Amino acid sequence: MTVEDPFKHPVLGSGVFYRDPRAALDWLEAAFGFERSMVVSDTDGKLVHAEMRFGDGCIIVDSEWTDHVASPASVSGKNTQSVYVRLKDGLDAHCEQARAAGAAVIQEPADQFYGERQYRARDPEGHVWTFSQTLRSVSREEAERLGGLRIEGWHR
């Protein structure tokens, strides 16, 4: 039996773990423009699960609820993933909004040879976020030539 997802979750999302997930919810709204779609708390008010949306994407914001999940703040700032977010427009303004909210911009907005403009920022607990905006369509052959790379497969 197939049941339609009443929450209309995207096919792929990411879970991001924080020491202080409630502060993360506020910060992700102010800095990056994410919107809360669900916040679940226990009877003591402790956050046990939260979901945030950005466009048609979704992230889970959660606490360090077990010994195999941690915020970069708990593991000397190390990241094992980076959340990648595609913007339709306004990348430079988005970067400035993030910077004003306290994001550490670790890669300033820059045009890439594959037709994207991109920046990277670190949030207060050390997660690295990559934001990208398409500027122009680039063929695989052009990207190979401009990047000096051999590329297998290409965007559909």
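Just so it is clear, the structure is predicted and the values come from calculations on it, not from any experiment.
The two residues D92 and P109 come nearest to each other via the heavy atoms OD2-CB, 3.4 Å. Q81 and G15 make their closest contact through NE2-O, 3.3 Å (heavy atoms, listed as atom of the first residue, atom of the second, distance). Heavy-atom minimum distance, T130 versus S82: OG1-OG, 3.1 Å.
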Next item on the list: Starting from the C-alpha separation in whole Å, work towards a yes-or-no answer on side chain to side chain contact (heavy atoms under 4.5 Å, CB included) for L25 and L47.
Entry: CA-CA 11 Å; L25 293 172; L47 185 139; 3.6 Å; yes
Item checked: Chi angles and distances behind the side chain to side chain contact (heavy atoms under 4.5 Å, CB included) call for Q97, F32 -> CA-CA 7 Å; Q97 175 182 328; F32 295 154; over 6 Å; no
Next item on the list: Evaluate the side chain to side chain donor-acceptor pair (under 3.5 Å) criterion for residues R19 and S74: first the C-alpha distance (whole Å), next the side-chain angles of each, then the deciding distance (0.1 Å), finally the verdict.
Entry: CA-CA 8 Å; R19 286 179 174 174; S74 297; 2.9 Å; yes
Item checked: Stepwise side chain to side chain contact (heavy atoms under 4.5 Å, CB included) check, R140 with R150 -> CA-CA 9 Å; R140 180 182 54 79; R150 181 173 176 268; over 6 Å; no
Notebook entry, point to check: Would R145 and E141 count as a salt bridge (Lys or Arg N to Asp or Glu O under 4.0 Å) if you check the C-alpha gap in whole Å, the side-chain angles of each, and the deciding distance to 0.1 Å?
Noted result: CA-CA 6 Å; R145 181 178 53 76; E141 294 78 16; over 6 Å; no
Next item on the list: Give the C-alpha distance, both sets of side-chain angles, the deciding distance and a yes or no for salt bridge (Lys or Arg N to Asp or Glu O under 4.0 Å) between E116 and R86.
Entry: CA-CA 10 Å; E116 300 283 317; R86 180 165 302 285; 2.7 Å; yes
Notebook entry, point to check: Hey, mind stepping through V105 and C95 against side chain to side chain contact (heavy atoms under 4.5 Å, CB included) and telling me if it holds?
Noted result: CA-CA 8 Å; V105 177; C95 179; 3.9 Å; yes
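Other members of the cluster containing V69 are F17, W65, with ILVMFWY side chains joined at under 4.5 Å, either directly or via other members.
With a 4.5 Å cut-off on side-chain heavy atoms, D62 and P21 do not count as touching.
Enclosure of atom CD in E35 is not indicated, since only 12 or fewer non-hydrogen atoms of other residues, nucleotides or ligands lie within 6.0 angstrom. The number of heavy-atom neighbours closer than 6.0 Å to CG of L149, taken from other residues, nucleotides and ligands shown, is above 12.
Hydrophobic clustering places F131 together with W27 (ILVMFWY residues linked when any side-chain heavy atoms are closer than 4.5 Å, directly or through intermediates). Note on L28: it does not cluster hydrophobically with I60, by side-chain heavy-atom contacts below 4.5 Å among ILVMFWY residues. When the side chains of ILVMFWY residues are joined at heavy-atom separations under 4.5 Å, either directly or via intervening members, L135 and F113 end up in two distinct hydrophobic clusters. Taking hydrophobic clusters as Ile, Leu, Val, Met, Phe, Trp and Tyr residues chained together by side-chain heavy-atom distances below 4.5 Å, F34 shares a cluster with V39. In the hydrophobic cluster analysis, where Ile, Leu, Val, Met, Phe, Trp and Tyr join through side-chain heavy atoms closer than 4.5 angstrom, Y84 is grouped apart from V128.
Under 3.5 Å, the side chains of S63 and R22 contain no donor-acceptor pair of N or O atoms. For the residue pair D123/Y18, the side-chain donor-acceptor check at 3.5 Å is satisfied.
Atom CE of M52 is separated from atom CD of E29 by 4.5 Å, given to the nearest 0.5 angstrom. Atom-to-atom distance recorded for S14:OG and W129:CH2 is 7.5 Å, nearest 0.5 angstrom. Note that CG of D89 is 13.0 Å distant from CZ of R117, once rounded to the nearest 0.5 Å. A distance of 7.0 Å separates CD in E64 from CD in E125, rounded to the nearest 0.5 Å. Note that the CZ atom of R136 and the CG atom of D111 stand 9.0 Å from one another [nearest 0.5 Å]. One finds the CG atom of D42 at 14.0 Å from the NE2 atom of H49 (value rounded to the nearest 0.5 Å).
Counting only distance, with no hydrogens or angles, the side chain of Q118 and the backbone of Q133 share no donor-acceptor pair below 3.5 Å. No side-chain donor-acceptor contact under 3.5 Å links E108 to the backbone of I106. Side chain of R99 to backbone of A103: no donor-acceptor contact under 3.5 angstrom is found. When atom types are taken as modelled, the side chain of S71 and the backbone of A73 share a donor-acceptor pair closer than 3.5 angstrom.
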